[in-house]
There are 2 protein chains.
Amino acid sequence: MKKRSYSCGLDAAVDVVGGKWKALILWALHEGPRRFGDLRRGVPGISEKSLIIQLREMEHCGLVHREVYHQVPPKVEYSLTPLGESLNQALIPLGEWGEKHMETIEAIPAA
Amino acid sequence: MKKRSYSCGLDAAVDVVGGKWKALILWALHEGPRRFGDLRRGVPGISEKSLIIQLREMEHCGLVHREVYHQVPPKVEYSLTPLGESLNQALIPLGEWGEKHMETIEAIPAA
DNA sequence: TCAGGTACCTACCTTTTCTTCAGTATGGGA
DNA sequence: TCCCATACTGAAGAAAAGGTAGGTACCTGA
């Protein structure tokens with residue numbers, strides 16, 4: 001969250017789910033609660049540090065819920081809140097678009 | 001475009017439309033072609049430089065079309081390609097989500 | 001002759017984001 | 001006694017993104 005006022009709904013949504021990882025993390029949670037280490041493996045390429053930061057921010061925004069089990073070794077489960085769930089629904093068409101045009105996208109030259 | 005392979009469709013879509021501005025620019029084009037200066041005014045807060053860079057990248061990806069009119073003073077129109085149009089469609093639910101939850105989002109404390 | 005308007009480009013700098021790597025706490029098992 | 005696994009934290013630095021300020025080119029009209 002950086003802004004306080006938005007020019008449109010998309011502006012607000014991008015502010016919340018923008019960045020390199022948030023959408024992917026949200027997506028990785030859509031089948032139910034997952035542990036930290038499990039999430040880390042489920043979002044290929046992310047570093048521990050980034051994952052934690054993103055999770056904290058999304059928790060702060062009310063998108064994900066964090067449940068600590070006082071065990072040794074520690075166990076923490078992350079899950080979607082209803083708000084996170086609704087956002088995830090809104091991301092489905094975007095995911096489908098990417099799926100459909102993935103070959104086109106991959107064929108774009110780097111330079 | 002930074003990656004060559006994606007873990008899922010959403011990953012690919014985020015790679016294409018990620019960042020602070022691309023989604024907003026795409027959105028601003030959804031009613032038809034717009035001139036550079038017009039776009040600049042239509043995407044509040046963006047700097048000239050960022051707008052140009054984003055437009056170039058999206059042109060490169062085949063999302064927008066750039067039409068130069070050889071006039072003085074110069075006139076350049078940007079419009080959506082069919083691919084850009086389809087991506088825009090996929091962004092609609094996200095925009096609606098943002099619209100619906102904007103008050104909630106704005107109420108999130110900064111710290 | 002000279003400012004005006006449009007669509008840029010370039011250099012420089014700051015801010016933000018991401019990664020890497022090292023380290024912490026806990027208690028069970030070898 | 002020491003190592004293991006998990007879920008973190010912190011420092012440091014690189015890389016990416018963004019902003020600012022200046023300049024270019026062209027023709028028009030004053």
Side-chain angles (χ1 to χ4, degrees), chain A residues 1-4 6-7 11 14-26 28-29 33-61 64-79 108 110-111, chain B residues 1-4 6-7 11 14-26 28-29 33-61 64-79 108 110-111:
Chain A
M1 299 323 78
K2 295 114 204 175
K3 306 184 184 178
R4 279 105 215 294
Y6 300 102
S7 58
D11 192 11
V14 166
D15 199 26
V16 167
V17 84
K20 195 172 173 181
W21 297 115
K22 289 210 179 73
L24 279 317
I25 298 172
L26 229 47
L29 286 171
R34 297 179 76 169
R35 300 183 59 171
F36 179 81
D38 186 24
L39 261 182
R40 179 157 160 53
R41 286 181 290 275
V43 183
I46 196 170
S47 69
E48 279 195 359
K49 178 92 188 222
S50 292
L51 181 53
I52 290 171
I53 291 175
Q54 305 303 316
L55 282 169
R56 288 285 144 83
E57 287 182 13
M58 292 196 290
E59 190 191 357
H60 179 74
C61 293
V64 308
H65 172 71
R66 179 167 178 268
E67 185 78 36
V68 180
Y69 297 82
H70 293 286
Q71 305 175 354
V72 170
K75 173 178 172 182
V76 180
E77 266 189 2
Y78 293 91
S79 56
I108 297 168
Chain B
M1 300 314 80
K2 295 113 202 175
K3 307 183 183 178
R4 278 106 213 295
Y6 300 102
S7 58
D11 192 10
V14 166
D15 199 25
V16 167
V17 85
K20 195 172 172 181
W21 298 115
K22 290 209 179 74
L24 279 315
I25 298 173
L26 229 47
L29 286 172
R34 296 180 78 169
R35 298 184 59 173
F36 179 81
D38 185 25
L39 260 181
R40 179 156 161 51
R41 286 181 291 274
V43 183
I46 196 169
S47 69
E48 280 195 357
K49 179 187 168 183
S50 293
L51 181 53
I52 290 172
I53 291 175
Q54 305 303 314
L55 282 169
R56 287 287 142 82
E57 286 181 14
M58 292 195 291
E59 191 192 354
H60 179 74
C61 293
V64 308
H65 172 73
R66 180 169 178 264
E67 185 78 35
V68 180
Y69 296 81
H70 293 286
Q71 305 174 351
V72 170
K75 172 177 171 181
V76 180
E77 267 188 1
Y78 293 90
S79 56
I108 297 168

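The sequence lines fix the lettering, A, B, ..., with proteins before strands; numbering per chain opens at 1.
One interatomic measurement links the two molecules: CZ of A/Arg34 to C1' of D/dA7, which rounds to 16 Å at whole-angstrom precision. Rounded to whole Å, the distance from CD1 on B/Ile52 to P on D/dA17 is 17 Å. Rounding to whole angstrom units, CZ of residue B/Phe36 and C1' of C/dC8 are separated by 7 Å. In this structure, A/Leu51 places its CG atom 11 Å from C1' of D/dC8, rounding to the nearest Å. Summarising the geometry, the separation between NZ on A/Lys20 and P on D/dA15 is reported as 13 Å, rounded to the nearest angstrom. Atom NZ in A/Lys75 sits about 17 Å away from atom C1' in C/dG28, given to the nearest Å. Summarising the geometry, the separation between CD on B/Gln71 and C1' on C/dC8 is reported as 16 Å, rounded to the nearest angstrom. Counting to the nearest Å, the P atom of D/dC8 and the CD1 atom of A/Ile53 are 13 Å from each other.
Once rounded to the nearest 0.5 Å, the distance linking CG of B/Asp11 with CH2 of A/Trp21 reads 7.5 Å. A distance of 11.0 Å separates CD in A/Glu77 from CZ in A/Arg34, rounded to the nearest 0.5 Å.
B/Tyr78 comes within 4.0 angstrom of the backbone, heavy atoms only, and of no base. Within the nucleic acid shown, A/Gly45 comes within 4.0 Å of sugar-phosphate atoms alone, with no base atom in reach, counting heavy atoms only. Contacts of B/Gln54 with the nucleic acid, taken as non-hydrogen atoms under 4.0 Å apart, involve only primed sugar atoms and P, OP1 or OP2. Here A/Arg40 lies out of heavy-atom contact (under 4.0 Å) with every strand. Residue contacts shown for B/Ser50 are limited to sugar-phosphate atoms, with no base heavy atom under 4.0 Å away.
Regarding contacts with the backbone of C/dC9, a side-chain N or O of B/Arg56 is found under 4.0 angstrom from either OP1 or OP2. A close approach under 4.0 Å does not occur between any side-chain nitrogen or oxygen of B/Arg41 and OP1 or OP2 of C/dT6. In this model, the phosphate group of C/dC8 is not approached by any side-chain N or O of B/Arg35 to a distance below 4.0 Å at OP1 or OP2.
Residue B/Val76 places its side chain closer to C/dA7 than to any other of C/dA7, D/dC8, C/dT19. For B/Val72, the side-chain atoms get nearest to D/dC27 when compared with the rest of D/dC27, C/dC18, D/dA7.
Screening B/Ile46, B/Val76, B/Leu29 for a side chain to side chain contact (heavy atoms under 4.5 Å, CB included) with B/Leu39, the sole residue that qualifies is B/Leu29.
Along DNA chain C, the nucleotide nearest B/Leu55 and the nucleotide nearest A/Pro73 are compared for position; the residue whose nucleotide lies closer to the 5' end is B/Leu55. For A/Pro74 and A/Gly19, each mapped to the nucleotide of DNA chain C holding its nearest heavy atom, the one lying further toward the 5' end belongs to A/Gly19.
Side-chain contact check for B/Ile52 versus B/Phe36: some heavy-atom pair is nearer than 4.5 Å. Within the 4.5 Å cutoff, the side chain of B/Asp38 has heavy atoms near those of the B/Arg41 side chain. In this structure the side chain of B/Arg66 never reaches within 4.5 angstrom of the side chain of B/Leu55, judged on heavy atoms.
With hydrogens and angles ignored, a donor-acceptor pair closer than 3.5 Å exists between the side chain of A/Lys49 and the base of D/dG10. At a cut-off of 3.5 angstrom, counting only N and O atoms as typed in the model, there is a donor on one side and an acceptor on the other between the side-chain of B/Glu48 and the base of C/dC8.
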